[in-house]
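These notes concern the structure reproduced below.
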Amino acid sequence: MVRAEDRIATERRDLQIYGGQMKYYPETKSFNLWPVFEPENIDKRRTEIGLDSIAIFLKNRFDFE
């Protein structure tokens, strides 16, 4: 459900909530996290629904730091 919510937000070019989606930036030829609503609170939102911190998620899922 969370990944779907973020996917829908990115398809609409909105900010994602939980940080599940990456974006490719052609100018730097790299991937980065798609912009997030209130990034300073992302770990709080993730913890509230039982998810790992964004740092752990990105490392485990994408080998991204």
Side-chain angles (χ1 to χ4, degrees):
M1 180 69 158
V2 169
R3 285 177 51 184
E5 187 174 339
D6 279 347
R7 168 89 53 184
I8 290 167
T10 60
E11 288 175 1
R12 292 180 179 162
R13 300 199 173 277
D14 289 337
L15 299 174
Q16 60 179 328
I17 302 299
Y18 301 102
Q21 303 296 310
M22 299 289 280
K23 177 180 178 184
Y24 181 72
Y25 291 86
E27 59 277 358
T28 60
K29 297 181 182 173
S30 64
F31 285 89
N32 207 335
L33 194 62
W34 183 274
V36 176
F37 174 75
E38 293 182 0
E40 66 277 7
N41 294 319
I42 191 170
D43 284 335
K44 180 179 182 220
R45 287 192 301 271
R46 291 178 63 86
T47 300
E48 286 173 350
I49 61 169
L51 297 174
D52 288 331
S53 72
I54 192 66
I56 291 171
F57 168 75
L58 292 173
K59 179 68 177 163
N60 292 340
R61 173 91 178 179
F62 300 105
D63 195 28
F64 184 83
E65 294 184 27

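- Under the 3.5 Å distance criterion, the side-chain polar atoms of Q16 are matched with a main-chain donor or acceptor of Q21.
- Members clustered with I56: none, using a 4.5 Å side-chain heavy-atom cutoff among hydrophobic residues.
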Identify each donor-acceptor pair in which a side-chain atom of residues 22-33 lies under 3.5 Å from a protein atom, sequence neighbours left out, and give them as a table.
residue	atom	partner	partner atom	Å
T28	OG1	Y25	O	3.4
T28	OG1	S30	OG	2.7

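- Under the side chain to side chain contact (heavy atoms under 4.5 Å, CB included) criterion, R61 pairs with R3, F57, not counting sequence neighbours.
- Hydrophobic cluster of F37: the remaining members, joined at side-chain heavy-atom separations below 4.5 Å, are V2, L15, I17, Y18, I49, L51, listed by chain and number.
- When atom types are taken as modelled, the side chain of D6 and the backbone of G19 share a donor-acceptor pair closer than 3.5 angstrom.
- Judged as a side chain to side chain contact (heavy atoms under 4.5 Å, CB included), and not counting sequence neighbours, the contacts of R12 are I8, D14.
- Listed by first then second residue, pairs satisfying salt bridge (charged side-chain N to carboxylate O under 4.0 Å, His left out) with a partner in residues 45-59 read K44-E48, K59-D63, K59-E65, not counting sequence neighbours.
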